[in-house]
Amino acid sequence: MAKTVAPVYDPQAIEPKWRDAWKKAGLFRAREDGNKPKFYNLVMFPYPSGPLHMGHFRNYVIGDAFARYKLMRGFNVLNPFGWDAFGLPAENAAIQSGIPPRVSIEGNIAISKHELDLMGVLYAWDREVTTSNEDYYRWTQWLFLKFLEQGLAYKQKAWVNWCPKDNTVLANEQIVNGVCWRCGTKPTKKELEQWFFKITAYAQRLLDDLNKLDRWPERVKVMQANWIGRSEGADLDFFLEREGKLRVFTTRPDTVFGATFMVVAPEHEILPKIVTPDQRAAVDAYIERTKAETEIERLSTEHEKTGVFSGAYAINPFSEERIPIWIADYVLANYGTGAIMAVPGHDSRDFEFARQHKLPIRRVIGPSLDAADKPLDTAFEAYDGVLVNSGAFNGLSVKEGIERITAEAERKGIGKRTITYRLRDWLISRQRYWGVPIPIIYCPDHGIVPVPDRQLPVRLPAEVEFRSDGQNPLAHTPSFVNTTCPKCGKPSRRETDTMDTFVDSSWYFLRYASGDDPSQPFDKKRVDYWMPVDQYTGGIEHAILHLLYSRFFMKVLFDAKMVSVDEPFAALFTQGMIHRNGYVMSKSKGNGITPDYMVEKYGADTGRVYELFIGPPDQDAEWNDRGVDGVARFLHRIWRQIVGEEDGVVPGMARVPSEELTRKLHETIEKVTRDVEAFHFNTAMSALMELSNAMQDYLQAGGRRNDAWEAACRDLTRLLGPFAPHLAEELWQRLGGEGLLVYQPWPEPDPTILRRAKVTVVVQVDGRLRDRIEMPAGIDQSDAQARALKSPNVERAIGGRRVQRAVHVPDRLINLVTG
RNA sequence: GCGGGCGUAGCCGAAUUGGUACAGGCGCACGGCUUAGGACCGUGUGGCGCAAGCCAUGGAGGUUCGAGUCCUCUCGCCCGCACCA
């Protein structure tokens, strides 16, 4: 047996060499090039929080592998990266350590960049975006002013969610499970003047256009649809007994005859006008109590519905009954009209409230007309039934009832059809320093004055005093606050709130597309070339927040004719998280595997392939150190197979047919291609392992290093390119390949080779497997049946019965049915 | 409560349209090579059975020539929303 000592696979020795070669070649330096189809590949950019671990890398490895794959497929690939660099952690660190946010962020970026590089993850760094850099945030300010101009940004006093730990307000989307999404603190309510973006103006389009997103995960679309929360119904006016009226929103106008009382939210503005003197003390006490409660406390009181009688009465416009008006916090001030008609017979919440406060419960929907007097021991909420105890409307179906009663209310001028959304406007003010200053000046004469374009950016001052009381340092920096009115020059004050960092991330993908244009936020022509993002990959935690905001931005810019598509992300992939020792891999849990460790112990390629192999990419996965060893073995073996020169020729042994190997190769090309397109990286990796196993079997059986073998080596190397790029480059070079592998075309399967001459046909008798028989491909049913009947196993299974019929799946299966 | 998803080997997991259940990896066993190895290579590896074969995809039914896949019920787990009128 011929044997020469082959150098062993030494990733540390080869990896840096190839990274340098890619950089020198300008890998991923993208230009707008009409000759090739474009492919915009994007991973969600991170907040630069310091050292990365392998949990973070799942996203980047998937993104990098896909970008390299698309490159080999002949696309003009844009594969950029950047930093969502504004945000609270850097500011909190500054308060504790005194290190200015800009300094710590820059340090963290340098560390992260080094780690990405170590893992062979490359980007179009010439298009790098850092949201906290002046050349980016001046355009965030510019866009804010654009929104203001369009009437899509406004300032309003509102009851808002306040996080006492972070000392800032939060948007509704940023309360997750009743607590601050960032720090987990229970928010309280504050009434403050705040800046909002009018995302509700786009509620319907944001909902409708989910249908366009056929390459988004269903669950993300469902989450967004639920968040937008469209309800169809009617607004109805109830006249008050004394004077005035109270408007309610209901999705069930058909149940109006069952409205036996009304409920208004404690914050409702009508209250001072209607509360009677004898109830005033009780009402005031109740309002005070609800104000003190945080959201989470309101949730925990789910089972006891508190409330207080206002002393006032309204008249039900349909039944003409006199009904009491109550105040209760189970009615929300900022949904619908902040008031409801309570129909305890057909709404479980109203039912519970009526029970507790001894209010009448009336049935107005029943399974049939004769059920009118059947008592209700629970709210009957179903839509299948007929109206009862409803005067002229008795006997109508629920659907007809909704239609007719709404029409009647419209005719009488006391109501109208309405669509209500759960979505609220996006609160973007943050009372913190490390963010984009809102470009607004308050003039004693002119009020709110936008900063003129030519004065942008409003610079975030570097020299500020970080206060331990958590107050915004900007408000205490006179050189920032004090300015002059752009209109009249009078001494004026600057807005000291900064923008929610989700504003920064709502348009960064447009900036990438444009390079670093100093004259505008982005260049329409270049954006038109690249957009939409063809593949967006990131975490599920942004299912609502970032992904909804970005969609909103895109639609606003589309309406302003600044872009030509109104959905930013054509395809979305949300990868699962990596766990280790039972917890999500994280710095705080101390269970992180660092890229440095991986590279030192195994090499970057083992880390990359393991992260792709670990499990279905959209699901969480458990990191297994032994599994990493398995992948390392796989790559070592490939090295030995391709670089090693052990020949499998065994004297006297029959030559092993190389067609088998060639077919396996082409099946692998076909499978890996299909799997990568479908983001099934785990099965793509197992297909590569199978090919390597087949090559091993071939050598083992005495196969020679002939053309078939050479082809297998060459194509396996190319198939490895996107996943184990350093190893693949080295193998490519040693195989005598031209140029860099990363610029080689992806292999194509040969259909004539895939077409087998012989196939294994499964033979069943009455649906049970009895034999497997080699038959020529394309065999027809009667021939297949004839061959099947010759099998002793089949004969025994038939046992002398008659074959009544047969089911034939060409080239796969024949089932002989005797029964 | 409403919405979405998932239950396959000792473990992670494969399985176009219903068509050979368990690919690949881990682990385990045995063997080889080694001074030695937790390295490397090879073989085997769902259960029962001497075998033919039978039983196996959370459980119970159903449709079908044929069900992990479709339908009904049921148990368990995960995720999202959660007093949204």
Side-chain angles (χ1 to χ4, degrees), chain A residues 8 176-178 217-227 229-231 233 248-252 255 263 265 298-299 301-303 305 328-332 334-343 346-350 352-353 381 420-424 540 543-544 610 613-616 618-631 633-634 636-637 640 646 671 674-675 678 680 682-693 696-697 700 760-772 793 796-797 804-810 812-819:
Chain A
V8 73
V176 176
N177 292 326
E218 195 56 35
R219 62 172 175 156
V220 174
K221 290 192 279 185
V222 167
M223 281 164 75
Q224 291 210 357
N226 290 342
W227 187 262
R230 177 193 156 105
S231 299
V248 301
F249 171 72
T250 178
T251 56
R252 294 295 300 273
T255 62
V263 185
R298 270 168 89 152
L299 283 179
T301 58
E302 196 177 328
H303 295 297
K305 287 211 163 19
D329 67 356
Y330 83 90
V331 171
L332 305 174
N334 49 7
Y335 182 77
T337 62
I340 62 160
M341 64 174 201
V343 185
H346 304 283
D347 181 287
S348 56
R349 298 152 302 180
D350 298 344
E352 199 187 318
F353 192 79
E381 295 180 312
T420 298
Y421 300 91
R422 212 185 75 122
L423 181 71
R424 315 283 157 73
I540 186 73
I544 293 170
Y610 180 65
F613 181 65
I614 192 167
D618 57 338
Q619 287 170 35
D620 288 0
E622 176 74 20
W623 184 277
N624 176 358
D625 295 341
R626 311 300 292 267
V628 178
D629 289 335
V631 167
R633 274 198 286 274
F634 164 58
H636 273 96
R637 183 168 69 176
R640 286 195 305 273
E646 299 163 58
K671 168 137 181 81
R674 187 156 31 87
D675 281 349
H680 294 165
N682 55 328
T683 48
M685 295 309 104
S686 23
L688 294 174
M689 291 172 182
E690 276 190 67
L691 176 58
S692 170
N693 290 347
Q696 198 65 25
D697 291 346
Q700 209 70 37
T760 304
V761 175
V762 169
V763 182
Q764 294 182 338
V765 175
D766 294 323
R768 305 194 67 100
L769 174 75
R770 294 302 169 192
D771 207 350
R772 300 183 170 97
N793 285 352
R796 188 171 339 111
Q804 305 285 345
R805 67 195 181 96
V807 179
H808 183 232
V809 181
R812 300 202 69 163
L813 171 146
I814 183 145
N815 184 10
L816 308 173
V817 186
T818 67

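Naming convention: chains lettered A, B, ... in sequence-line order (proteins, then strands); numbering from 1 in each chain. Values below: all heavy atoms of this structure, side chains included; hydrogens, waters and symmetry mates excluded.
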Using a 4.0 Å heavy-atom cut-off across all strands, classify [X] as base, sugar-phosphate, or nothing.
X         : result
Asn334(A) : nothing
Arg772(A) : base
Glu690(A) : sugar-phosphate
Ile540(A) : nothing

Looking at Arg252(A), does any N or O in its side chain come under 4.0 Å of the phosphate oxygens OP1/OP2 on A85(B)? no
Whether Ser686(A) contacts G13(B) is assessed here as follows: a side-chain N or O lying under 4.0 Å from the phosphate OP1 or OP2. Is that the case? no
Could you check Asp350(A) against Ile340(A) for side chain to side chain contact (heavy atoms under 4.5 Å, CB included), going step by step and ending with a plain yes or no? CA-CA 10 Å; Asp350(A) 298 344; Ile340(A) 62 160; 3.4 Å; yes
For Phe613(A) and Met689(A), what are the C-alpha separation, side-chain angles and deciding distance, and is it a side chain to side chain contact (heavy atoms under 4.5 Å, CB included)? CA-CA 10 Å; Phe613(A) 181 65; Met689(A) 291 172 182; 3.8 Å; yes
What does the list of N/O pairs under 3.5 Å between the protein and nucleotides 16-19 of chain B look like, with a distance for each?
unit_1, atom_1, unit_2, atom_2, d
G19(B), N2, Gln764(A), OE1, 3.3

Residues, nucleotides or ligands: over 12 heavy atoms within 6.0 Å of Arg230(A) CZ: yes
Determine the Euclidean distance between corresponding P atoms of A51(B) and A60(B); express it in Å to zero decimal places. 27 Å
Each nucleotide N or O in nucleotides 52-56 of chain B that has a protein N or O under 3.5 Å away: list the pair and distance.
unit_1, atom_1, unit_2, atom_2, d
A52(B), O3', Arg796(A), NH1, 3.2
A52(B), O2', Arg796(A), NH1, 3.3
C54(B), OP1, Arg770(A), NH2, 3.2
C55(B), OP2, Arg768(A), NH2, 2.4

Report the residues that fulfil side-chain hydrogen bond (donor to acceptor under 3.5 Å, both in side chains) with Lys671(A), sequence neighbours left out, ordered by chain and then residue number. Asp675(A)
Quick one: does [X]'s side chain have a donor or acceptor within less than 3.5 Å of a partner on [Y]'s backbone?
X         : Y         : value
Arg770(A) : Ala797(A) : no
Tyr610(A) : Gly630(A) : no
Glu381(A) : Ser348(A) : yes

Determine the minimum heavy-atom distance between Arg422(A) and Asn226(A), stating which atoms define it. NE-O, 3.5 Å
Determine the minimum heavy-atom distance between Ile614(A) and Glu622(A), stating which atoms define it. CD1-O, 3.6 Å
Output the distance between atom CG (Leu688(A)) and atom OG1 (Thr683(A)), rounded to the nearest 0.5 Å. 10.0 Å
Using atom [atom1] of [X] as one end and atom [atom2] of [N] as the other, report the distance to the nearest whole Å.
X         : N      : atom1 : atom2 : result
Leu332(A) : C81(B) : CG    : C1'   : 14 Å
Tyr610(A) : G24(B) : OH    : C1'   : 13 Å
Asn226(A) : C83(B) : CG    : P     : 14 Å
Gln804(A) : G66(B) : CD    : P     : 14 Å

Could you please name the option among C83(B), U20(B), C65(B) that lies closest to any side-chain atom of Val762(A)? U20(B)
What one-letter contact string describes nucleotides 25-47 of chain B from 5' to 3', where B marks a base within less than 4.0 Å of any protein heavy atom, S marks contact via sugar-phosphate atoms alone, and - marks no contact? SSS------------SSS-----
Intra- and inter-strand pairing of RNA chain B, written as dot-bracket with Watson-Crick and G-U pairs under 3.5 Å and | for the latter, reads (((((((..(((......[....)))((((((.......))))))(((....)))..(((((..]....))))))))))))....
Judged by nearest nucleotide, the residue sitting upstream toward the 5' end of RNA chain B, Ala621(A) or Tyr335(A), is Ala621(A)
Toward the 5' end of RNA chain B, which comes first, Arg805(A) or Val222(A), by nearest nucleotide? Val222(A)
Sequence neighbours excluded, which residues qualify as side chain to side chain contact (heavy atoms under 4.5 Å, CB included) partners of Glu690(A)? Lys664(A)
